[in-house]
Amino acid sequence: IWEVFSAIMPGWLLTTTYVWLRYFVVTYFTYRLLRFRFGVGQVGGFVGALLMFAHYMSVYPAGAGWTLLPAVLEMFFWISEKRHRIISLIIAFGFGVLYASASPIYEQAFALFFAFIFMMFSRHDVMKRTFLHVVIFLIGWAIIAVPTLIALQQIVPLAVRSHRNIEIAL
């Protein structure tokens with residue numbers, strides 16, 4: 001996706017757009033989760049969203065796994081309300097593919113684990129209603145993530161072995 005944009009936009013504009021898009025997504029969906037899904041007041045929602053925004057101003061801009069996490073949670077709340085049609089399965093699958101394409105795999109696995117554990121403890125009724133959608137989301141994620149993990153297995157062991165040999169030699 002970003003290759004198409006990089007052909008159209010100069011690098012500085014693409015980077016700026018990406019960073020501000022990340023800030024918007026994390027702030028907006030954090031506010032929606034706090035305000036509408038967890039019943040926090042309006043001031044509390046604003047404060048939580050601003051704290052999340054302040055945190056993301058210091059985060060490395062390439063990692064979007066945690067940025068999209070509030071949007072993933074909001075998607076499952078949205079699906080659990082009343083949208084059990086085919087389109088909701090397509091949205092879950094597409095969001096899984098988008099999530100897998102957005103950031104490094106090691107960041108995503110921990111973020112997804114955190115999200116699903118959090119939902120199981122705090123709002124297990126939502127997880128029960130969206131179980132099929134969670135599976136479809138994970139299939140969409142795995143279509144992108146598994147080939148990447150397989151490719152990493154070809155690269156990482158060599159780097160780890162060479163690093164270990166350097167430590168032994170010292």
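Keep in mind it's a predicted model, so treat the numbers as computed, not measured. Keep in mind that the numbers below use all heavy atoms, side chains included, and drop hydrogens, waters and symmetry copies.
The CD1 atom of Ile90 lies 10.0 Å from the CZ atom of Phe93; values are rounded to the nearest 0.5 Å. Distance CH2/Trp78 to CZ/Arg32: 11.0 Å, rounded to 0.5 Å. In this structure, CG on Leu13 lies 11.0 Å from CD1 on Ile8, to the nearest 0.5 angstrom. Between the CG atom in Leu68 and the CG atom in Leu73 there is a gap of 11.0 Å [rounded to 0.5 Å]. Separation of atoms OG (Ser80) and CG (Asp125) is listed at 7.0 Å; rounding is to 0.5 Å. Separation of atoms OG1 (Thr16) and CG (Leu21) is listed at 12.0 Å; rounding is to 0.5 Å.
Between Phe95 and Ala71, the shortest heavy-atom distance links the atoms CZ-CB, 3.7 Å. Residue Pro70 comes nearest to Val26 through the heavy atom pair CG-CG2, 4.2 Å, listed as atom of the first residue, atom of the second, then distance. The shortest heavy-atom contact between Gly48 and Leu34 is CA-CD1, 3.7 Å. Nearest heavy-atom pair, Met9 versus Thr17, reported as atom, atom and distance to 0.1 Å: CE-OG1, 3.5 Å. Closest of all the heavy-atom pairs between Ala92 and Ile79 is CB-CD1, 4.4 Å.
Hydrophobic cluster membership differs between Met52 and Val43, with clusters built from Ile, Leu, Val, Met, Phe, Trp and Tyr side chains linked at under 4.5 angstrom. No continuous path of hydrophobic side-chain contacts links Leu50 to Tyr23 [ILVMFWY only; heavy atoms under 4.5 Å]. By the rule that hydrophobic residues join a cluster once side-chain heavy atoms approach within less than 4.5 Å of another member, Leu69 and Leu51 end up as members of separate clusters. Tracing side-chain contacts under 4.5 Å through hydrophobic residues (I, L, V, M, F, W, Y), one never reaches Tyr28 starting from Phe36; they form parts of separate clusters.
Considering Phe24, Phe46, Phe38, Phe53 in turn, Phe46 is the only one that fulfils the ring-ring contact (aromatic ring centres under 6.0 Å, His included) rule with Tyr31.
With sequence neighbours excluded, the residues forming a side chain to side chain donor-acceptor pair (under 3.5 Å) with Arg37 are Glu74, Glu81, listed by chain and number.
Phe137 places none of its side-chain heavy atoms less than 4.5 Å from the side chain of Thr130. Counting only heavy atoms from C-beta outward, the side chains of Phe77 and Leu33 approach each other to under 4.5 Å.
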